[in-house]
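Counting starts at 1 for both ligands and their atoms, following the listed order.
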Amino acid sequence: MTLFTDLFIDGRWRPGADGRRFDVIDPSDGGTIAAFAAATEQDCMDAVDAAAAAQPGWAATAPRERGEILRAAYEILTAETEIFAEIMVRENGKAWPDAIGEATYAKEFFRWFSEEAVRIPGDYRLSPAGDKQIVVDRSPIGVSLLITPWNFPAAMATRKLGPALAAGCTTILKPARETPLTAAYVVDVLRRAGVPAGVVNLVTPVPTGPLVKRMLDRPEVRKLSFTGSTEVGRDLLHACADTVVSASMELGGNAPLIVLPGADLDVAVEGALLAKMRNGGSACTAANRFYVHGSLHDAFVERLDAALAAIPVGPGLDRANGLGALVSTAERDKVAALVTNAVADGATLRRGGQASAKGAFYDATLLTGVRHGSEITTTEIFGPVTAVVRFDDVDEAVRMANDTIYGLMAYVFGEEREAVAVARRIEAGMVAVNRGVVSDPAAPFGGVKQSGLGREGGAEGITEFLEEKYIALTADGAR
Ligand code: NAD
């Protein structure tokens with residue numbers, strides 16, 4: 001398998017200007033997979049120059065041409081799904097089924113936006129006074145900086161590249177330092193699909209913060225699309241203010257999962273497993289706090305416990321494993337500390353709670369008797385830990401669910417009418433009712449409150465990369 005370990009600038013793979021590299025680590029054993037090029041300030045400026053030079057030409061291509069390039073990239077990823085998944089497993093540590101799931105989800109953004117490229121709407125209307133024709137064009141916003149996290153290294157990149165390219169924007173992709181290989185592979189797929197030089201660039205700036213700021217300071221950069229933590233998102237919003245850059249933010253989550261009285265336990269346990277354990281819990285959409293009604297609590301806990309016990313844990317390249325490694329030992333230790341503190345705060349460790357001696361593995365863990373408001377209910381766990389709070393009053397469950405600065409995702413299990421009524425009361429950009437997964441390229445993904453600004457996917461996703469231009473014409477009757 002060819003691993004791309006260089007920067008991609010103006011249609012060419014090249015090392016960083018000063019030759020520095022950083023190691024990419026396999027979290028399942030701590031071994032080094034590759035030494036990836038570190039981008040200097042000069043490399044970052046070259047990427048902005050290349051994207052800016054390519055912008056007018058790319059904006060002028062026919063929408064169908066852009067759509068067909070994205071479709072070709074989708075076809076390549078379909079033919080190479082296993083390669084795609086293997087790179088993710090190696091640098092991220094995720095289990096094989098999660099990697100295949102992500103590869104499938106990721107490529108669908110290219111197919112979806114290949115179809116959206118040819119459906120960019122405009123508006124036309126006569127002014128109320130009848131004197132003007134109001135024509136509204138939607139044009140590409142311009143050079144777009146796309147910053148992605150390590151937890152979904154493929155899907156977060158395609159979810160931004162797809163709409164940006166479909167809209168006619170040129171791009172600079174900055175992947176997380178833990179997972180640059182997946183991003184580099186996606187970029188090479190786009191190159192093979194026929195993306196012209198300068199339209200897609202990839203940089204891995206070191207140091208990250210100051211060099212990202214330098215790129216945002218360039219007036220040619222008109223868009224920042226960021227997925228990552230709320231803390232970094234806040235800093236970047238400040239940085240965007242200086243050059244009034246349009247910002248889309250997909251930030252942290254703290255999803256509540258509510259099991260109402262009357263829920264079907266089979267459905268609730270199956271959904272809870274998916275909502276918690278998909279991607280080993282390293283998902284912004286992962287269920288973080290389980291609020292279970294007293295009438296179902298004991299049975300729910302018992303069945304969830306048995307289901308967690310049945311998940312094989314180990315390296316993702318062994319395809320039988322259902323739970324892989326966390327991305328790093330630092331992440332694993334963060335999860336372990338949350339569990340230790342929860343127990344000190346009165347929770348009962350019903351299962352798990354062990355970190356591996358080798359590699360960044362952490363057992364599937366179940367905590368009961370968790371206190372709402374304790375650290376583990378206010379912090380994004382980002383690991384395979386289920387924290388259960390018991391409740392007796394539905395209004396109180398809704399209050400606890402909304403008692404957070406975040407508002408990305410929520411899950412509600414119950415009799416459908418009641419569950420939908422509760423879903424409508426939850427402050428979140430997305431609510432799953434009687435199911436454990438919502439993500440779909442055809443649906444608008446995003447959060448409210450401090451979980452984000454804007455939406456990715458759906459009909460909304462491409463609009464983040466377009467801006468309106470109003471052209472006023474004199475109406476025929478007014479001449
Ligand atoms: P992170 O915020 O640490 O890093 C995200 C990206 O920002 C990385 O590429 C990182 O290198 C870069 N970065 C870090 N510091 C920066 C700075 N000062 N200036 C510019 N860029 C900087 O997040 P992470 O640990 O990689 O990812 C986990 C977080 O991402 C979680 O909070 C998770 O909820 C969130 N996430 C959100 C979504 C969503 O759609 N809402 C999806 C996936 C992950």
Between E456 and S248, does a side-chain hydrogen bond (donor to acceptor under 3.5 Å, both in side chains) hold up when you go through it step by step? CA-CA 9 Å; E456 292 189 322; S248 299; over 6 Å; no

Less than 6.0 Å separating the ring centroids of F4 and F8? no

Check the angle between the aromatic planes of F109 and Y105 and answer parallel, tilted or perpendicular using the 30° and 60° thresholds. perpendicular

Distance to the ring centre below 6.0 angstrom and angle to the axis at most 45 degrees; does that hold for K276 and F290? no

Can you list, by chain and residue number, every protein residue with a non-hydrogen atom closer than 4.0 Å to ligand 1? I147, T148, P149, W150, N151, M156, R159, K174, P175, A176, T208, G209, V212, F226, T227, G228, S229, V232, L236, E250, L251, G252, G253, C284, E380, F382, L408, F445

So that I know where these two stand, are W13 and Y185 an aromatic pair - ring centroids less than 6.0 Å apart? no

Which atom of L257 lies closest to which atom of A275, heavy atoms considered: CD1-CB, 3.9 Å

